[in-house]
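A quick write-up on the structure given underneath.
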Amino acid sequence: MKQELFVICNYGTIGDAMMSVAFLARIRAAKPEAAYILAVTKRHALIADLVKKYGWLFVADARSIGALSRLTLQCLRARTTCIIRPTFGATPFRVALFAKLLSLRNLRNSPLGFVEPYGWGQRMYALRLVFDERTPMFQNLCALLPAIGVPGADDSVPRFTFDLQASALEKYALTRGAYLVLHFPAANPARTLPKERWAGLLRMAHGALPETRIVLTGAEADEAFVRAATEQSGVAATLVFGESLHTVASLIHFSKGYIGPDTGITHIAGVLQARSVVIGNNSNPSWLPRYNQNAVILTNNAHCACDGRKGGSCFAEYQGGKYYRCMLDIPDEQILAEVVNLG
């Protein structure tokens, strides 16, 4: 009999990878003899390192037609179930082609996917479920478990394992439980706050919690933005750039708490169940880390015009930048009050 194989497609985002692996782990608990593949269409090296603690998982590079063709051949030799998750837009052509080829082979190769209420989904899928935009992504994925033959279980909290390193504290001369971690990315202006707002929040947080150190994390692409905000604030923060996601997870795990917008790093704090203040928006509520039982998620809905599908007209112009109004309108005083609760 052919080996059973489960494949889930990842589009290169951190939160998606963690939810996908947590979902595959749920399947593996019932089917330990099966094989498991995470097919990554972008940022392969980053995602492969993120999931390195999962020795039973193969991370396939699906960034090109050639790589995806090799993966397709591997899947056709097995009894494959491929899970295609929603993308809030068009499914990448390579992924759609991959699923179509599997569905043509035989009925044992079953692409499973979602139909979104606004039209997403292809007829190629052996099973299509309506994707609930108000339900966290992990719970939407777990709705597929009965079709896979996995008994139901609590699907409210995704579990993910990091390589937590106390040595990260030594590297940055930090004391466990004596600092806060802030993350404000620069790559997508709509999902962050203006530099001046971050500078003001840094000053306010330092003034309210003078004995608490502040650690700012970011990718290398965020460095200029974060340094400029820090210099403008006048706060002597500890800056952390270009570290592995496991080091960032370690710094969050050993901290007093975490503050940041809805990003992949915020989902790292979420699966760690770290005390968090999330500066959120309503653009796609299925991705808010509501599974974090220790998080406060802030939005201001007074003038929000999000449609819940990464669309709508909920935007405000500020100094040449375009920001979600439901995020931009959150008062600094409200954010500070929650930050003080962490400290």
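Just so you know, these numbers use all the heavy atoms, side chains as well, and skip hydrogens, waters and symmetry mates.
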Verify, without hydrogens or angle tests, whether [X] (side chain) and [Y] (backbone) share a donor-acceptor contact under 3.5 angstrom.
X: Asn292; Y: Val271; answer: no
X: Arg203; Y: Gln232; answer: yes
X: Asp16; Y: Tyr11; answer: yes
X: His183; Y: Thr217; answer: yes
X: Trp56; Y: Ala35; answer: no

So which atom in [X] and which in [Y] form the shortest heavy-atom distance, rounded to 0.1 Å?
X: Ile297; Y: Arg290; value: CD1-CG, 3.6 Å
X: Val340; Y: Leu209; value: CA-CD1, 4.2 Å
X: Cys306; Y: Tyr324; value: SG-CD2, 4.0 Å

Would you call Lys322-Glu317 a salt bridge at under 4.0 Å N-O?
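No, no charged N to carboxylate O under 4.0 Å.
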Please round to the nearest 0.5 Å and tell me the distance separating atom CG of Asn10 and atom NZ of Lys42.
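Reported to 0.5 Å precision, the distance equals 9.5 Å.
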What residues form a ring-ring contact (aromatic ring centres under 6.0 Å, His included) with Phe58, not counting sequence neighbours?
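Testing Phe58 for ring-ring contact (aromatic ring centres under 6.0 Å, His included), a comparison that skips the adjacent residues, returns none.
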For Phe162, ring-ring contact (aromatic ring centres under 6.0 Å, His included) partners two or more places apart
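Here the qualifying residues are Phe160, His246.
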Parallel, tilted or perpendicular: rings of Phe6 and Tyr36 (30°, 60°):
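Tyr36 vs Phe6 ring planes: parallel.
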Please indicate whether Glu33 has more than 12 foreign heavy atoms, meaning atoms of other residues, nucleotides or ligands, lying under 6.0 Å from its CD.
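Counting neighbours around CD of Glu33, more than 12 heavy atoms of other residues, nucleotides or ligands fall under 6.0 Å, so yes.
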When the ring centroid of Tyr291 is compared with that of Phe138, is the distance short of 6.0 Å?
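No: the rings miss the under 6.0 Å criterion.
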